[in-house]
Amino acid sequence: QVQLVESGGDSVQAGGSLRLSCVASGSIFSINAMGWYRQAPGKQRELVASVTSGGSTNCADSVKGRFTISRDNAKNTVFLQMNTLKPEDTAVYYCNAELSLTSDGPRFRYWGQGTQVTVFS
């Protein structure tokens, strides 16, 4: 069984910083892409940033220059460093991982349970 567990969500004043972490555990053979999504009340879930196993990253335009995604492959962990936070960054942030359970098996996408980030002005 695979689990993704996020941590680091909190309430912070606008202009502040937070660092989210997500650890994938279980019977994992390999992890391809890992990423962070967010969902604000009344809005659809959106991609915030993603990173491949090789380290290539992709960020939403709304967070470029403020958020940085990174990962520790040895620890199956992905991080999201969020700086200069704005009230519009308020959302539940979800970790996502595309991974394989066996050497020749298909890839599956797993989600974490989400962590709340609240930015107040």
Side-chain angles (χ1 to χ4, degrees):
Q1 187 174 358
V2 175
Q3 280 191 315
L4 272 61
V5 179
E6 302 109 330
S7 61
D10 204 344
S11 293
V12 63
Q13 193 169 20
S17 298
L18 285 174
R19 188 184 194 222
L20 305 184
S21 301
C22 171
V23 180
S25 63
S27 300
I28 299 170
F29 176 77
S30 65
I31 302 178
N32 184 27
M34 300 186 81
W36 290 94
Y37 289 72
R38 67 185 180 187
Q39 187 166 19
K43 294 188 176 182
Q44 288 189 331
R45 190 174 297 189
E46 62 176 1
L47 173 68
V48 177
S50 63
V51 57
T52 67
S53 57
S56 296
T57 62
N58 178 46
C59 280
D61 288 342
S62 59
V63 306
K64 280 182 180 177
R66 300 188 298 123
F67 292 11
T68 302
I69 189 169
S70 61
R71 66 189 279 179
D72 183 336
N73 290 332
K75 297 182 179 180
N76 289 346
T77 302
V78 63
F79 305 97
L80 185 67
Q81 178 66 43
M82 305 187 293
N83 299 327
T84 319
L85 282 160
K86 304 176 181 180
E88 51 264 42
D89 294 319
T90 295
V92 177
Y93 284 69
Y94 296 91
C95 176
N96 176 269
E98 182 187 71
L99 55 88
S100 299
L101 305 180
T102 60
S103 60
D104 58 353
R107 292 175 178 171
F108 299 97
R109 296 189 74 182
Y110 286 84
W111 293 91
Q113 81 287 353
T115 185
Q116 177 70 45
V117 172
T118 302
V119 184
F120 56 91
S121 56

Minimum-distance pair of heavy atoms, taken over all atoms of [X] and [Y]:
{"X": "S17", "Y": "T84", "answer": "OG-N, 4.3 Å"}
{"X": "L47", "Y": "A60", "answer": "O-CB, 3.5 Å"}
{"X": "A24", "Y": "L4", "answer": "CB-CD1, 4.0 Å"}

Same apolar cluster (I L V M F W Y, side chains within < 4.5 Å links), [X]/[Y]:
{"X": "Y37", "Y": "V51", "value": "no"}
{"X": "V92", "Y": "V12", "value": "no"}
{"X": "V63", "Y": "Y93", "value": "yes"}
{"X": "I31", "Y": "L80", "value": "yes"}
{"X": "Y110", "Y": "W36", "value": "yes"}

Task: Exceeds 12 heavy-atom contacts within 6.0 angstrom, atom CD of E88 - done: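 Check passes, neighbour count above 12.
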Open item on the list: Can you confirm whether Q116 is buried at CD, in the sense that more than 12 heavy atoms of other residues, nucleotides or ligands lie under 6.0 Å from that atom?
Closed with: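 Count over threshold, so yes.
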Which value, rounded to the nearest 0.5 Å, describes the distance between [X] atom [atom1] and [Y] atom [atom2]?
{"X": "S27", "Y": "Q1", "atom1": "OG", "atom2": "CD", "result": "9.0 Å"}
{"X": "N32", "Y": "S100", "atom1": "CG", "atom2": "OG", "result": "7.5 Å"}
{"X": "S121", "Y": "K86", "atom1": "OG", "atom2": "NZ", "result": "13.5 Å"}
{"X": "K75", "Y": "S25", "atom1": "NZ", "atom2": "OG", "result": "14.5 Å"}
{"X": "N58", "Y": "T52", "atom1": "CG", "atom2": "OG1", "result": "10.5 Å"}
{"X": "L18", "Y": "S11", "atom1": "CG", "atom2": "OG", "result": "8.5 Å"}

Are any non-hydrogen side-chain atoms of [X] and [Y] less than 4.5 angstrom apart?
{"X": "N76", "Y": "L99", "answer": "no"}
{"X": "L20", "Y": "V117", "answer": "yes"}
{"X": "F29", "Y": "L101", "answer": "no"}
{"X": "N96", "Y": "R109", "answer": "yes"}
{"X": "D72", "Y": "F79", "answer": "yes"}
{"X": "Q113", "Y": "E6", "answer": "yes"}
{"X": "R71", "Y": "N73", "answer": "yes"}
{"X": "D89", "Y": "F67", "answer": "yes"}

Task: Plane angle bin for W111 and Y94 - parallel if under 30°, tilted between 30 and 60°, otherwise perpendicular - done: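 Perpendicular, since the angle between the ring planes exceeds 60°.
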TODO: Just grab all the disulfide (SG to SG under 2.5 Å) pairs involving residues 80-121, residues at least two apart or on different chains.
DONE: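 Matches after skipping sequence neighbours: C22-C95.
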Task: Sequence neighbours excluded - salt bridge (charged side-chain N to carboxylate O under 4.0 Å, His left out) pairs with any residue from residues 92-104 - done: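 Applying salt bridge (charged side-chain N to carboxylate O under 4.0 Å, His left out) to every pair that reaches into residues 92-104, excluding sequence neighbours, yields E98-R107.
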Looking only at atom types and distance, does a side-chain atom of [X] sit under 3.5 Å from a main-chain N or O of [Y], one as donor and one as acceptor?
{"X": "Q39", "Y": "A91", "result": "no"}
{"X": "T90", "Y": "V119", "result": "yes"}
{"X": "E46", "Y": "R38", "result": "no"}

